[in-house]
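This report refers to the structure that appears directly beneath it.
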Amino acid sequence: MTGRPENPGATMMPSGPSFAPKPSGEGLKLHEVIATGGMGEILAARQTRLQRTVAVKRARRDVRGAQEALHREALLTAALEHPNIVPVHTLEDGEDDEDGPLMVMQHIEGSPWSELLADADMARAFLDGRDPLTMHLDILIATCNAIQFAHSRGIVHRDLKPANVMIGPFGEVYVLDWGLSVSLWEEDAERFPLARDINQPAGTPSYMSPELARGDGSAIDERTDVYLLGAILHVILTGQTRHPAGTIREALEAALVSEPVNWPADVPKQLAQVVDRATRAAPEERYATVDAFRTELVQWLRNRASYQLTQVALKRLSVLEMMVQGHLAGLAQDASTLSFVAVEGRFGFRQALERWPGNVEAHEGLQRLLELNIRFELSRDNPDSAGPLIDELAEPNPELDDLFQQSLARRAAQSEAAGRLADLEHDADLAVAAAPQGVAGCLIGAVAAAVCFSLGVADRLWTISYFAAVTGFVIFTIAAVLSTLVVSRMALNRASRQQLKMFLVMTLTLMCHWLGCAWLGLPITTAVAWNALLAAGMLAVTGAIFDIASALPALVYAATWAGILIFPGWTWEIFGVGNFVAYSAWSTWTSRRGRL
């Protein structure tokens with residue numbers, strides 16, 4: 001025969017002598033024990049007919065009922081064909097009756113998951129570019145896949161723990177030891193033990209759920225394995241079992257209560273919440289299915305980048321907490337540095353939430369950060385900065401709302417007080433409208449000088465009467481009143497208005513002085529001299545009690561009075577120069593004060 005097929009699509013087989021091995025006559029050759037459990041032991045073996053290495057599990061001779069339990073385990077495991085469950089090849093009889101049945105399984109070269117959890121150096125060989133947490137979560141997800149498949153066949157494992165999960169050299173995950181498994185289906189009663197028949201504790205106490213610790217078969221269902229998977233996640237996150245205890249009794253008592261866990265700060269909050277829900281004492285409060293539990297793990301891994309951003313932002317939050325607490329305790333804090341830390345933290349939480357809107361830890365962190373930032377701003381009575389931050393809060397904070405309203409009220413009161421103070425300062429400020437007052441003063445001084453020089457010229461040509469002098473002073477008074485009215489129409493304050501009133505009073509007083517001198521029949525030159533002295537006196541009083549700017553014109557008028565007494569022949573000229581110099585000096589001083 002050539003081995004050439006007639007169909008070109010079929011496989012061609014080589015021709016020549018056969019290399020098929022001859023049967024050795026022995027089906028199974030047992031070797032050393034490689035593992036021992038409560039009900040049986042596992043040995044390495046050689047399946048001679050197929051020339052392959054296998055693992056063989058046999059019942060322990062010192063445990064009553066172990067052979068029946070092994071027979072049921074073999075039947076049950078053989079019914080669960082899944083990539084994450086060790087396949088059973090066959091069930092053979094032992095060499096004698098004491099050996100009982102031998103369950104022949106695939107030989108797995110690898111390490112128990114419990115050893116990888118305990119030895120970081122050993123686990124490093126399986127990382128494959130992952131961090132340890134991600135690696136262990138991947139193993140747990142594969143374990144969930146196996147258990148979910150078993151549940152689809154009505155089987156509950158009852159003894160899930162890292163020691164019963166084997167990790168192959170290429171990362172393969174196998175769930176082992178189905179000896180305590182029970183079925184939830186009545187039709188399996190002839191093949192497998194049923195959950196309803198369980199009436200005593202069984203399993204590993206440090207992982208047990210309350211119903212396992214009670215031996216309450218009526219409460220055992222898929223959620224029992226959910227509890228055990230949550231207990232494994234607890235080990236991954238903390239390095240400790242769910243019920244750490246010194247004795248079996250203490251572990252069973254802890255399992256019955258299943259109290260909530262106080263989680264370390266470095267444990268991811270979302271994963272801690274998954275454990276809390278999976279390991280609730282009441283089964284109805286746990287995840288209803290393994291798939292729901294597994295989905296939480298897959299989602300967390302998918303959103304790992306969001307978690308990492310959250311961790312960075314939480315560090316900034318810790319710094320901010322210390323700074324704000326120090327500030328509230330009276331310690332000096334650099335406001336710009338504090339604000340920079342707050343902005344960094346807010347940005348980190350916002351980025352984390354953009355990647356994963358359901359990130360509870362980021363939501364809570366952002367809330368705490370905003371509240372701290374608001375407290376800091378309100379402690380500085382800065383509601384303008386606190387208001388936008390309050391608007392960002394996802395959860396309203398009535399206490400901060402009250403503090404914000406109080407800060408606004410203080411701000412309003414301060415603004416009102418500052419406004420009143422500014423009004424008072426404005427009213428008392430002599431620099432207000434100083435420029436127009438200075439211009440008006442120069443104009444009045446020029447008019448006064450012009451009138452006086454005109455009267456002086458007239459007096460030299462003709463001897464003038466009081467009528468002419470009074471007429472000239474009336475012209476001056478009219479000019480002064482008009483200038484005052486023009487300036488008063490501008491935006492003057494109370495001090496400026498008082499200053500104008502005093503000027504009008506002085507002008508009218510001097511006018512009355514002229515009329516008095518005319519009535520008394522005093523010489524005009526004497527009246528002029530006394531007019532200058534009266535102006536000097538009134539300005540001196542004004543300078544002492546109201547405006548120092550009046551002191552310089554007072555000195556000028558005093559000098560004018562003295563000049564008239566010394567040079568009476570130049571009375572009008574000296575009086576005109578004195579008026580011009582006095583008003584110009586006052587105007588210059590006033591204008592300069594306005595510029596300052």
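These values consider heavy atoms only, across backbone and side chains, with no hydrogens, waters or symmetry-generated copies. What you are looking at is a predicted structure, and each value in this text was computed from that prediction instead of being measured.
- Using the six-membered ring where Trp is involved, Phe293 and Tyr287 have ring planes that are perpendicular, over 60° apart on the 30 and 60° scheme.
- Partners of Val577 according to the side chain to side chain contact (heavy atoms under 4.5 Å, CB included) rule, which considers only residues two or more places apart in sequence or in another chain, are Phe453, Val581.
- For residues 259-269, the pairs satisfying salt bridge (charged side-chain N to carboxylate O under 4.0 Å, His left out) are Lys269-Glu364, with sequence neighbours left out.
- Ala123 approaches Met135 most closely through the heavy-atom pair O-SD, 3.7 Å.
- A distance of 9.0 Å separates NE2 in His243 from NE2 in His234, rounded to the nearest 0.5 Å.
- With values rounded to the nearest 0.5 angstrom, Leu534 atom CG is found 8.0 Å from Met506 atom CE.
- Between the side chains of Tyr227 and Ser258, at least one donor N or O sits under 3.5 Å from an acceptor N or O.
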Criterion side chain to side chain contact (heavy atoms under 4.5 Å, CB included) on Ile141 and Leu301, from CA distance to verdict: CA-CA 11 Å; Ile141 289 171; Leu301 285 175; 3.6 Å; yes
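- Looking at residues two or more places apart in sequence or on another chain, you find a salt bridge (charged side-chain N to carboxylate O under 4.0 Å, His left out) between Arg380 and Glu377.
- For the salt bridge (charged side-chain N to carboxylate O under 4.0 Å, His left out) condition, the pairs that include at least one residue of residues 305-318, sequence neighbours left out, are Arg316-Glu344.
- With sequence neighbours excluded, no residue forms a salt bridge (charged side-chain N to carboxylate O under 4.0 Å, His left out) with Arg302.
- Annotation for Gly578 and Thr560: closest pair CA-OG1, 3.3 Å, computed over non-hydrogen atoms.
- The side-chain tip of Arg242 does not point at the ring of Tyr207 from less than 6.0 angstrom away and within 45° of straight on.
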Derivation and outcome, side chain to side chain contact (heavy atoms under 4.5 Å, CB included), residues Arg294 and Gln148: CA-CA 9 Å; Arg294 183 187 64 84; Gln148 184 178 351; 3.8 Å; yes
From CA spacing to verdict: side-chain hydrogen bond (donor to acceptor under 3.5 Å, both in side chains), Gln367, Glu371: CA-CA 6 Å; Gln367 179 82 9; Glu371 290 177 349; 3.1 Å; yes
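- Sorted by first and then second residue, the salt bridge (charged side-chain N to carboxylate O under 4.0 Å, His left out) pairs involving residues 569-588 (not counting sequence neighbours) are Arg460-Glu573.
- Between Arg130 and Asp138, at least one side-chain nitrogen of the basic residue sits less than 4.0 Å from a carboxylate oxygen of the acidic one, meeting the salt-bridge criterion.
- Of all heavy-atom pairs between Ser306 and Leu353, the closest is OG-N, 4.5 Å.
- Expressed to the nearest 0.5 Å, how far CG of Leu320 lies from CG of Leu372 amounts to 5.0 Å.
- Nearest heavy atom pair, residue Asn397 against residue Leu393, reads CB-CD1, 4.3 Å.
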Intermediate values then yes/no, side chain to side chain contact (heavy atoms under 4.5 Å, CB included), Trp572 and Val457: CA-CA 9 Å; Trp572 290 109; Val457 171; over 6 Å; no
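- In this structure, Phe580 places its CZ atom where only 12 or fewer heavy-atom neighbours from other residues, nucleotides or ligands lie under 6.0 Å away.
- Within the model, atoms CG of Leu403 and OG of Ser379 stand 10.0 Å from one another, a figure rounded to the nearest 0.5 Å.
- The two residues Pro383 and Leu378 make their nearest non-hydrogen contact at CA-CD2, 4.4 Å.
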Residue pair Arg223, Glu284: steps toward the salt bridge (Lys or Arg N to Asp or Glu O under 4.0 Å) verdict: CA-CA 8 Å; Arg223 294 169 296 185; Glu284 62 271 13; 5.0 Å; no
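- Arg368 CZ to Leu317 CG: the interatomic distance, rounded to the nearest 0.5 Å, is 4.5 Å.
- Tyr557 and Asn579 share a donor-acceptor pair across their side chains, judged by distance under 3.5 Å alone.
- Applying the salt bridge (charged side-chain N to carboxylate O under 4.0 Å, His left out) rule to pairs touching residues 400-409 yields nothing, sequence neighbours excluded.
- For Thr526, there are no side chain to side chain donor-acceptor pair (under 3.5 Å) partners at least two apart in sequence or on another chain.
- Residues passing the side chain to side chain donor-acceptor pair (under 3.5 Å) test with Glu416, sequence neighbours excluded: Arg420.
- When the side chain to side chain contact (heavy atoms under 4.5 Å, CB included) test is applied to Ala409, no partner is found at least two apart in sequence or on another chain.
- Every salt bridge (charged side-chain N to carboxylate O under 4.0 Å, His left out) that Arg375 has, sequence neighbours left out, goes to Glu399.
- Between the side chains of Trp263 and Asp276, at least one donor N or O lies within less than 3.5 Å of an accepting N or O.
- Rounded to the nearest 0.5 angstrom, Ile574 CD1 and Trp561 CH2 are separated by 13.0 Å.
- Closest of all the heavy-atom pairs between Ala231 and Thr279 is N-CG2, 3.8 Å.
- The salt bridge (charged side-chain N to carboxylate O under 4.0 Å, His left out) check on Glu354 picks up nothing, with sequence neighbours excluded.
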